[in-house]
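Below is one structure, written out as structure tokens; the observations come after it.
For this chain, numbers begin at 1 and follow the sequence in order. Quick caveat: nothing in here was measured; it's all calculated off a predicted structure.
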Amino acid sequence: MTGAAIFDVDGTLTDTNHLHVVAWWEAFRQAGHTVAMPDIHRAVGLGSGDLIKRLLGSDRDPEQDAAISSAHTVLYATYFDRLPAFRGAGDLLRTLAGRDWRVVLATSASGAELAALRRAVDADDAIRATASSDDVERGKPSPEPVELACRLAGVGAGRAVFVGDTVWDMEAAARAGVGAVALLSGGIPRADLERAGAEAVYRDVAELLDRLDESPFGPAPG
């Protein structure tokens, strides 16, 4: 019996959350909005539409949303050739694949951004499939991306573990009925991640890899 190892990317496999914060801050500034960076940081991981709504409120001018999102995309794209993966990210994915876990990415990234992130992680040989924002109607914290990842892996929720770095990741995993593992590498406090449903918390992918045998990935999925 095979299990699904589902991974968020930004803040989990790649050290990119703060690049998103800066890009969103500038995108909001260009549209005439002053948004505090700590507030943006806590919203990273949401889809663009949900992030803008959360930060500007429901009484904003929604006609600005597309321009703000596009500005973020353009600004973030300036980093594509040097996005940093966390130490051990590719090794972790390859180790899990070697243990017969089906590795699937579940991310709000898509297109050229997703391609750049995959180049940074450099573990395409271990990645079975990707559930991107292009493939779902609603992003995290909706369970839809995680549920799709399970289907792509060909396993039920009871045989899947999702690894992420935000409360949105943990809430999506809980709603999808899969195991939830949190990493502190995205900058979200442990207590917030545990309240959102994290069953285990590690510093980063390198610590998870070092402690893999005692983690939710320890027992062989077969």
Walk me through it: do K140 and D50 pass the test salt bridge (charged side-chain N to carboxylate O under 4.0 Å, His left out)? CA-CA 9 Å; K140 296 172 280 187; D50 290 335; over 6 Å; no

Go through it in stages, so that I can follow the logic: the residues are D122 and R119, the test is salt bridge (charged side-chain N to carboxylate O under 4.0 Å, His left out), and I'd like the CA-CA distance, side-chain angles, deciding distance and then a yes or no. CA-CA 5 Å; D122 192 23; R119 286 194 300 272; over 6 Å; no

My understanding is that only residues two or more places apart in sequence, or in another chain, count here; which of them pass salt bridge (Lys or Arg N to Asp or Glu O under 4.0 Å) with E171? R175

Going by the rule ring-ring contact (aromatic ring centres under 6.0 Å, His included), which residues pair with W24 if we only count those two or more places apart in sequence or in a different chain? F28, H72

T166 side chain vs W168 backbone, donor-acceptor pair below 3.5 Å: yes

Point-to-point distance, once rounded to the nearest 0.5 Å, from CG of D100 to CZ of R102: 7.0 Å

Identify, with sequence neighbours excluded, every residue that meets salt bridge (Lys or Arg N to Asp or Glu O under 4.0 Å) alongside R211. E207, E214

For residues V9 and V21: do they belong to one hydrophobic cluster (side chain heavy atoms under 4.5 Å, members Ile, Leu, Val, Met, Phe, Trp, Tyr)? no

Parallel, tilted or perpendicular for F217 and F7, by the 30°/60° rule? parallel

Please report the closest heavy-atom contact between S108 and G45, naming both atoms and the distance. OG-O, 4.4 Å

Side-chain donor/acceptor of E113 to backbone N/O of A77, under 3.5 Å: no

Does the pair Y202 and V181 meet the rule for a side-chain contact (heavy atoms from CB on, under 4.5 Å), with working shown? CA-CA 8 Å; Y202 300 91; V181 171; 3.8 Å; yes

Donor-acceptor pair, side chain of S70 and main chain of A67, under 3.5 angstrom: no

Smallest separation among heavy atoms of L83 and L117, with atom names: CD1-CD2, 3.7 Å

